[in-house]
Protein chains: 2
Amino acid sequence: MNNPSLYKGILRPIVIRLLEEKKKMYGFEITREVKSLTAGRVKITEGALYPLLHSLEAEGVLESEQQFVDNRMRKYYKLTPRGKKVSKHSFGEITEFVTHLQNIFNLKPA
Amino acid sequence: MNNPSLYKGILRPIVIRLLEEKKKMYGFEITREVKSLTAGRVKITEGALYPLLHSLEAEGVLESEQQFVDNRMRKYYKLTPRGKKVSKHSFGEITEFVTHLQNIFNLKPA
DNA sequence: AAATATACATAAGAATCTTAGGTATAACAA
DNA sequence: TTGTTATACCTAAGATTCTTATGTATATTT
């Protein structure tokens, strides 16, 4: 991506949001989805994503289930009930965050 | 602030943007301005701000000038000519960043 | 046969912040 | 006058979150 450091701290809410919308995704799919939603500009690295997924699972926000497709392993993740609460909260924070950016940078749509 | 890690990576563009708009500011003033622009929600810590100002100056993005007001030192910063170019670029990145957030989080205004 | 894509994973190090401390002056309250 | 709050600068240690580099393995395309 253009300036990776902008996205520092935002990966976690992104993953949670995508799982809220898609119900069930595997890691590689998440990287593709973010690329697609941002016209190829935002590339989540695997070195960031997989450890994050593991810690979200350890926190009880996500739960996983393995499947084999074409002899290749996929690890599907979805929100737990607790994850759904976290998701609502996280979404509120992001909404506020974007509002703040619009105020600070004078980006408010006319 | 609510979730400090969201703002990780965004402090630098914020400082540059404020100096683009206000022409000349000192550190303490920047923390107050950000608080005011975000209804008290975003608090820039001095431990983050001052080292950042120093490194922006070392990079040639900012230049400083000391003044004494009421026996207290103030260090005013402003953008250098090079800083103004950096500012334009940085602003473009932020605009794109916010657009991406709106796409990922489905925040596009109706 | 080699390269690319899919799909997972970890570890070292970089970047960016928080927390905690320090110095000093001015204004206000107890 | 003594303590507290506000102003105004600063640094260092540590936490968090990422990038970069590397590894394993299978499937598909060139």
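By convention in this document, chain letters (A, B, ...) are assigned in the order of the sequence lines, proteins followed by strands, and residues within each chain are numbered from 1. What you see is a predicted model, and the numbers here were worked out from it, not measured in a lab.
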Any side-chain heavy-atom pair of B:Y76 and B:Q67 under 4.5 Å:
yes
Looking at B:K75, I'd like to know if its NZ atom is crowded, meaning that more than 12 non-hydrogen atoms belonging to other residues, nucleotides or ligands lie closer than 6.0 Å.
yes
Take the protein atom CE of B:M25 and the nucleotide atom P of D:dA8, then report the distance between them rounded to whole Å.
12 Å
Short side-chain N/O contact to C:dC8 OP1/OP2 from A:Y50, under 4.0 Å
yes
Just the rounded figure in Å: distance from C1' of C:dA24 to CZ of B:F28.
13 Å
Can you tell me the distance, in whole Å, between the CG atom of B:L49 and the C1' atom of D:dC9?
11 Å
Under 3.5 Å, is there a donor-acceptor pair between the side chain of A:D70 and the main chain of A:R72?
no
Pick the nucleotide of DNA chain D nearest each of B:E29 and A:T45; which residue has the one closer to the 5' end?
B:E29
A side-chain contact here means heavy atoms from C-beta on lying under 4.5 Å apart; do A:Y77 and A:L18 qualify?
no
Grab the OH-P distance between B:Y26 and D:dC10 for me, whole Å please.
13 Å
Please list, for nucleotides 13-16 of chain C, all pairs of protein and nucleotide N/O atoms separated by less than 3.5 Å.
| residue | atom | partner | partner atom | Å |
| --- | --- | --- | --- | --- |
| C:dA15 | N3 | A:K8 | NZ | 3.3 |
| C:dT16 | O3' | B:G9 | N | 3.0 |

Can you give me the N/O atom pairs linking the protein to nucleotides 25-29 of chain C at distances under 3.5 Å, or say none if there are none?
| residue | atom | partner | partner atom | Å |
| --- | --- | --- | --- | --- |
| C:dT25 | O2 | B:R72 | NH1 | 3.0 |
| C:dA26 | OP1 | B:N71 | ND2 | 3.0 |
| C:dA26 | O4' | B:R72 | NH1 | 2.9 |

Could you tell me how the ring of B:F97 sits relative to the ring of A:F97: parallel (under 30°), tilted (30 to 60°) or perpendicular (over 60°)?
perpendicular
Quick check on C:dT10: is either OP1 or OP2 less than 4.0 Å from any side-chain nitrogen or oxygen of A:H54?
yes
Could you state the CD-C1' distance from A:E46 to C:dA7, rounded to the nearest angstrom?
7 Å
What is the distance, rounded to the nearest whole Å, between atom NZ of B:K35 and atom P of D:dA6?
9 Å
Using the closest heavy atom to pick a nucleotide of DNA chain C for each, name whichever of A:A48 or B:A48 lands nearer the 5' end.
A:A48
Using whole Å, report how far CZ of A:R32 lies from C1' of C:dA5.
10 Å
Verify side-chain hydrogen bond (donor to acceptor under 3.5 Å, both in side chains) between A:T80 and A:E63, making sure each step is shown before the conclusion.
CA-CA 6 Å; A:T80 61; A:E63 59 191 353; over 6 Å; no
Roughly, in whole Å, what's the span from CD in A:E65 to C1' in C:dC8?
16 Å
Of all heavy-atom pairs between A:V98 and B:L107, which one has the smallest distance, and what is that distance?
CG2-CD1, 3.8 Å
Below 4.0 angstrom, N of the basic side chain to O of the carboxylate: do B:E59 and B:R12 qualify?
yes
Nearest-nucleotide check on DNA chain D, B:R74 vs A:K43; residue mapping nearer the 5' end is B:R74
Among B:E20, B:R17, B:R82, find the residue that satisfies the side-chain hydrogen bond (donor to acceptor under 3.5 Å, both in side chains) test when tested with B:S87.
B:E20
Looking at every strand, decide which applies to B:G47 at a 4.0 Å heavy-atom threshold: base, sugar-phosphate, or nothing.
base
